[in-house]
There are 2 protein chains.
Amino acid sequence: MKIPKAIQRLIESFEKLPGIGPKSAQRLTFYLLHVPQHELDSFASSLQDLKKGTIICSNCFNVDESDPCSICSDKQRDRSIICVVEEPLDVLALEKGGKYKGLYHVLHGKIDPLNNIGPDEIFLPQLFERISAASANGYGDPKELIIATNPTMEGEATAMYISKNLKSQIPNLKITRIGRGLPIGADIEYADEMTLQRAMEGRNEII
Amino acid sequence: MKIPKAIQRLIESFEKLPGIGPKSAQRLTFYLLHVPQHELDSFASSLQDLKKGTIICSNCFNVDESDPCSICSDKQRDRSIICVVEEPLDVLALEKGGKYKGLYHVLHGKIDPLNNIGPDEIFLPQLFERISAASANGYGDPKELIIATNPTMEGEATAMYISKNLKSQIPNLKITRIGRGLPIGADIEYADEMTLQRAMEGRNEII
């Protein structure tokens with residue numbers, strides 16, 4: 001028995017998504033066979049409208065409905081701090097806490113030589129330009145740059161690259177890296193070596 | 001910062017799928033932001049056309065492009081054996097082996113009292129009718145019914161229900177249940193009690 005073409009096509013569409021293998025793609029497709037047509041249509045239109053309804057901010061490269069985005073155009077936010085993240089989802093995660101009141105810069109990736117992604121393939125030149133031009137375009141002189149790339153090999157390399165480039169150019173810019181250590185709720189017994197080492201290095205005095 | 005509406009809508013569509021939680025839905029949606037528009041359009045159209053390009057066979061209730069389906073209309077297949085399965089995906093799995101040459105009957109579910117699914121909510125009445133009417137409508141008298149519902153609580157209950165109903169009605173129909181035991185590549189040490197018990201009960205003489 002051959003799989004009907006309409007089913008095969010949808011399976012292939014699902015398989016292209018990250019983390020969805022052939023079996024999951026089959027399961028999702030056959031699940032959708034039981035779903036009413038109007039729900040399929042609504043799913044389809046939300047896919048088609050995804051990019052039409054969003055725009056990338058020309059200042060921080062976050063994804064939003066307007067340019068400049070709601071964060072960059074918010075007069076309440078502290079323009080002297082910029083937090084560098086890899087992906088728009090990282091902005092969402094940091095905003096959920098609601099504590100951080102500065103601006104962002106979304107790289108849309110990380111330096112990853114194994115996958116042929118160098119500094120110019122992500123929004124890094126734009127970060128350097130933004131910082132050096134900041135006082136000119138009215139966004140105010142940035143005082144601190146928080147590098148919040150992921151604590152992975154590539155994220156650390158990206159952080160190193162940024163700090164090395166900016167330290168020489170703009171000596172009075174404070175460059176920081178988000179704290180690395182044990183996540184809340186973790187168990188020292190099960191923590192890996194690197195995390196423990198970072199946690200020891202990043203220890204704070206109890207006041 | 002509020003999530004753009006277009007993104008929120010797609011996240012909600014993904015969240016409705018089985019096995020996809022809020023985090024995965026976010027990840028998939030933000031991944032699709034990097035995908036070219038024509039791929040989004042093709043994904044969308046394959047969703048819209050899913051049900052238009054498929055039909056449920058009126059004989060065996062499998063999903064295919066024609067009615068009767070390619071299996072029911074295949075003259076090479078043995079019309080005297082019917083294999084009962086829960087879902088169309090089970091037909092695909094059994095067909096992949098290529099050994100089974102009989103027909104199927106897809107229930108599109110299982111008897112599941114906890115979720116208010118009784119025998120009449122799935123294609124069980126149609127199975128009984130099909131078997132009793134088989135000699136009349138030219139499909140030939142079925143000689144064997146293989147019940148291949150899943151070896152779960154609900155699958156076993158469904159199998160019991162089918163065999164009880166048919167044994168009294170059609171006494172010379174052979175009713176069988178697919179073998180249950182250790183899967184190939186398994187380790188007895190890690191097998192659960194029920195599987196081991198079934199494997200002992202279902203032991204075969206070595207010839």
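Within every chain, numbering begins at 1; the chains are lettered A, B, ... in the order of the sequence lines, protein sequences first and strands thereafter.
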(message) Non-hydrogen contacts under 4.5 angstrom with chain B: give the residues of residues 143-161 of chain A involved, or none if there are none.
(response) none

(request) With a 4.5 Å heavy-atom cut-off (strictly below), which parts of residues 26-39 of chain B touch chain A? List them by number. (result) B/Q26, B/R27, B/L28, B/T29, B/F30, B/Y31, B/L32, B/L33, B/H34, B/V35, B/P36, B/Q37, B/E39

(message) With rounding to the nearest 0.5 angstrom, report the CD1 to CD distance, B/I3 to A/E65.
(response) 10.5 Å

(request) Determine which residues belonging to residues 187-197 of chain B lie within contact range of chain A, meaning some heavy atom pair is under 4.5 Å apart, and list them by number or answer 'none'. (result) none

(message) Please identify, among A/K96, A/Q48, A/K52, the residue contributing the most non-hydrogen atom pairs under 4.5 Å to chain B.
(response) A/Q48

(message) Report, in residue-number order, which members of residues 8-18 of chain B are under 4.5 Å from chain A by heavy-atom distance.
(response) B/R9, B/L10, B/S13, B/F14, B/K16, B/L17, B/P18

(message) Could you measure the distance from the CG atom of A/D49 to the NZ atom of B/K5? Nearest 0.5 Å is fine.
(response) 12.0 Å

(message) So for A/S24, is it side chain, backbone, both, or neither that comes closer than 4.5 Å to the heavy atoms of chain B?
(response) neither

(message) Between A/I20 and chain B, with a heavy-atom cut-off of 4.5 Å, which part of the residue counts as in contact: side chain, backbone, both or neither?
(response) side chain

(request) Check A/P4 against B/V63 and note the closest heavy-atom contact, atom names and distance. (result) CG-O, 3.9 Å

(message) Can you tell me which of A/G19, A/S46, A/A44, A/A6 forms the most heavy-atom pairs within a distance under 4.5 Å of chain B?
(response) A/S46

